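Before any comments, here is the structure.
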Amino acid sequence: MIEAVLFDIDGTLISTGGAGALAWRRAFEELHGTPLDIREVTESGMTDPEVGRVALRNILGRDPDHRELAAAMGHYLRHLSTVIDEAEGYRVMPGIEELLERLVDGGHLLGLTTGNVEAAAHIKLARAGLNRFFSFGGYGSDSKERTELTRCALRRGRLVSGGVLSEGASISVGDTPRDVAAGHGAGIEVVGVATGNFSVEQLREAGADHVVATVQDGFPV
């Protein structure tokens with residue numbers, strides 16, 4: 001019996017239409033005069049702190065220090081809300097809102113497991129009004145490791161449930177092999193959904209326990 005379902009954001013719940021990359025680009029241009037496109041130097045499924053660190057390493061030619069990374073994150077968040085609101089390509093993935101409504105009506109707890117820092121996660125979901133579905137989460141601001149932030153989400157889920165969420169009674173949903181590895185590392189099954197940059201075949205090869213083209217196609221909960 002699945003009691004809680006954890007969702008990744010980018011490529012799973014929504015697409016920002018490139019707004020996240022644009023916010024990072026503006027941040028780097030303001031701080032360092034270099035409008036770096038993170039899509040050229042990072043991979044899908046990386047946490048925000050990883051993205052910032054890798055991008056700054058490309059700009060600076062060395063690892064950034066704490067203040068440089070904090071400044072980049074602050075400027076990124078400053079721009080994110082504006083570019084999200086303006087993004088013409090922003091969209092909710094097929095069937096997501098209907099699925100979330102059904103899961104809530106069925107008595108399932110819904111949480112987030114995402115590489116976004118917590119503030120960015122809620123900014124991205126706000127435009128579509130999706131924050132209302134999620135009562136807990138694990139974020140890139142909890143850990144740079146996807147497995148550990150997924151464990152954080154599970155611990156918070158137990159708190160939200162009043163301590164009655166059963167061990168192993170959660171499942172995660174994501175669109176990248178990193179999501180699959182994180183869920184398995186945290187001891188739960190994973191639904192791979194091919195609405196991001198990876199195909200059904202690639203997610204199956206990554207070891208997802210269930211794979212669907214979209215959540216409209218036989219979602220297993």
Side-chain angles (χ1 to χ4, degrees), residues 1-16 20-21 38-39 41-51 53-54 92-96 99-100 102-103 108-118 120-121 124-125 130 133-134 136-158 165-221:
M1 176 69 71
I2 297 300
E3 300 171 9
V5 186
L6 313 182
F7 286 86
D8 174 54
I9 293 178
D10 296 289
T12 300
L13 292 174
I14 62 165
S15 169
T16 67
I38 60 164
R39 292 169 293 191
V41 298
T42 63
E43 300 174 4
S44 296
M46 293 175 69
T47 64
D48 279 348
E50 284 183 291
V51 168
R53 188 173 292 107
V54 170
V92 178
M93 293 304 186
I96 284 295
L99 173 64
L100 299 179
R102 177 173 69 77
L103 291 174
H108 299 283
L109 281 174
L110 301 187
L112 298 169
T113 175
T114 173
N116 289 283
V117 295
E118 187 170 2
K124 288 182 176 183
L125 294 178
L130 297 182
F133 291 108
F134 301 101
F136 66 96
Y139 308 92
S141 39
D142 293 313
S143 175
K144 66 179 181 180
E145 301 295 337
R146 291 297 298 251
T147 296
E148 180 55 32
L149 68 85
T150 302
R151 292 192 185 109
C152 285
L154 292 171
R155 289 194 292 270
R156 289 177 181 139
R158 282 191 286 274
L165 178 62
S166 304
E167 190 78 23
S170 301
I171 194 168
S172 67
V173 187
D175 66 293
T176 76
R178 289 174 186 259
D179 298 318
V180 176
H184 287 167
I188 60 176
E189 290 191 356
V190 181
V191 180
V193 57
T195 47
N197 294 325
F198 294 88
S199 66
V200 166
E201 292 74 18
Q202 288 172 311
L203 292 170
R204 189 172 289 122
E205 288 172 3
D209 302 281
H210 313 273
V211 183
V212 293
T214 75
V215 297
Q216 296 169 308
D217 302 320
F219 192 79
V221 181

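Residues: numbered from 1 along the sequence shown. Predicted model, so just to flag it, every value in this text is computed and none were measured. Atom set for the values below is all heavy atoms of this structure, side chains included, hydrogens, waters and symmetry mates excluded.
The closest side-chain heavy-atom distance from Asp175 to Asn197 is not below 4.5 Å. With contacts defined as side-chain heavy-atom distances shorter than 4.5 Å, the pair Asp179/Arg146 qualifies. The closest side-chain heavy-atom distance from Glu167 to Arg158 is below 4.5 Å. Within the 4.5 Å cutoff, side-chain heavy atoms of Asp48 are placed close to those of Asn116. Side chains of Met93 and Val215 form no contact here, defined as non-hydrogen atoms less than 4.5 Å apart.
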Take His184 and Val190 through the test side-chain contact (heavy atoms from CB on, under 4.5 Å) and record every step on the way to the result. CA-CA 7 Å; His184 287 167; Val190 181; 3.8 Å; yes

If you apply the rule side-chain contact (heavy atoms from CB on, under 4.5 Å), what do you find for Val117 with Tyr139, and how did you get there? CA-CA 5 Å; Val117 295; Tyr139 308 92; 5.7 Å; no

Test side-chain contact (heavy atoms from CB on, under 4.5 Å) on Val193 and Val212 and set out the steps. CA-CA 5 Å; Val193 57; Val212 293; 4.0 Å; yes

Working for side-chain contact (heavy atoms from CB on, under 4.5 Å), residues Ile2 and Glu189: CA-CA 10 Å; Ile2 297 300; Glu189 290 191 356; 5.9 Å; no

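Using a 30° and 60° split on the angle between ring planes, Phe219 and Phe7 fall in the parallel class, below 30°.
Side chain of Thr195 to main chain of Gly11: a donor-acceptor pair is present (N/O by atom type, distance under 3.5 Å, no hydrogens or angles). The main-chain N or O of Gly185 is found under 3.5 Å from a side-chain atom of Arg151 such that the two form a donor-acceptor pair. Side-chain N or O atoms of Glu3 include one that pairs as donor or acceptor with a backbone N or O of Ser166 at under 3.5 Å.
Taken from NE2 in His210 to CG in Leu203, the straight-line distance is 13.5 Å, to the nearest 0.5 Å. Distance CD/Glu145 to OG1/Thr150: 11.0 Å, rounded to 0.5 Å. Going from atom CG of Leu165 over to atom CG of Leu109 covers 6.5 Å, rounded to the nearest 0.5 Å. Atom OG1 of Thr214 sits about 4.0 Å away from atom CD of Gln216, to the nearest 0.5 Å.
Residues Asp142 and Arg156 are paired through a salt bridge, judged by an N-O separation under 4.0 Å between the basic side chain and the carboxylate. Taking 4.0 Å as the cut-off between side-chain N and carboxylate O, Arg53 and Glu50 do not count as a salt-bridged pair.
Nearest approach of Ala186 to Leu154, heavy atoms of both residues: O-CD1, 3.8 Å. Closest approach of Gly138 and Ala153 over heavy atoms only: N-CB, 3.3 Å. Here the closest non-hydrogen pair linking Pro49 and Gly115 is CD-O, 4.3 Å. Closest non-hydrogen pair, Arg39 versus Ala21, comes out as NE-CB, 3.7 Å. In this structure, Ala208 and Val211 approach most closely via the heavy-atom pair CB-CG2, 3.7 Å.
Residues satisfying the side chain to side chain donor-acceptor pair (under 3.5 Å) test with Ser172, not counting sequence neighbours, are none.
Tested against Phe134, the residues Leu112, Leu6, Ile9 include a single side chain to side chain contact (heavy atoms under 4.5 Å, CB included) partner, Leu112.
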